[in-house]
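Down below is the structure, laid out as structure tokens.
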Amino acid sequence: MSAKGKTRWFPRHVHPVRNGQYECLVMLTSSAPNFLWTLEWDGKGFLVPCPMVVKHWRGLTKSG
């Protein structure tokens with residue numbers, strides 16, 4: 001996957017400024033590898049479809 005046109009990775013304690021969809025590196029369990037998932041930021045937190053931990057996020061891929 002190309003990083004062209006995307007921001008650097010931000011840690012989870014740094015929150016996005018604008019609402020929209022972001023590319024996130026997430027962890028489902030400690031025994032499973034981390035993977036990429038596109039999640040929606042609603043201004044308060046990432047909306048997740050199942051229990052997971054957002055480790056890092058980057059680049060606004062679609063404005064809300």
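All figures in this text were calculated on a predicted structure; none of them were measured in a lab.
- The side-chain contact (heavy atoms from CB on, under 4.5 Å) test applied to Pro51 returns no partner, not counting sequence neighbours.
- In the hydrophobic clustering of this structure, Leu39 groups with Leu28; members are Ile, Leu, Val, Met, Phe, Trp, Tyr whose side-chain heavy atoms approach within less than 4.5 Å, directly or through other members.
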Under the side-chain contact (heavy atoms from CB on, under 4.5 Å) criterion, do Val53 and Val26 qualify, and how do the steps go?
CA-CA 6 Å; Val53 175; Val26 300; over 6 Å; no

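- For Trp37, the ring pair (Phe, Tyr, Trp, His ring centres under 6.0 Å) partners two or more places apart in sequence, or in a different chain, are Phe35.
- Considering OG1 of Thr7 and CD of Glu23, their distance stands at 9.0 Å, rounded to 0.5 Å.
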Would you please test Trp57 and Tyr22 for ring-ring contact (aromatic ring centres under 6.0 Å, His included) and show each step?
CA-CA 6 Å; Trp57 62 269; Tyr22 291 84; 5.2 Å; yes

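- Criterion: ILVMFWY side-chain heavy atoms under 4.5 Å apart, direct or through other members. Under it, Leu47 and Val17 are not part of a common hydrophobic cluster.
- A single hydrophobic cluster is not seen to contain both Met27 and Val48; linkage of ILVMFWY side chains at heavy-atom distances under 4.5 Å, directly or through other members, places them apart.
- Considering NZ of Lys55 and CZ of Arg12, their distance stands at 5.5 Å, rounded to 0.5 Å.
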After noting the C-alpha distance and the side-chain angles of His15 and Trp41, does the key distance pass the side-chain contact (heavy atoms from CB on, under 4.5 Å) rule?
CA-CA 9 Å; His15 299 155; Trp41 175 261; 3.7 Å; yes

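- Scanning all heavy atoms of the two residues, the minimum distance from Trp9 to Leu36 falls at CH2-CD2, 3.4 Å.
- Looking only at side-chain heavy atoms (C-beta outward), Phe46 and Pro16 come within less than 4.5 Å of each other.
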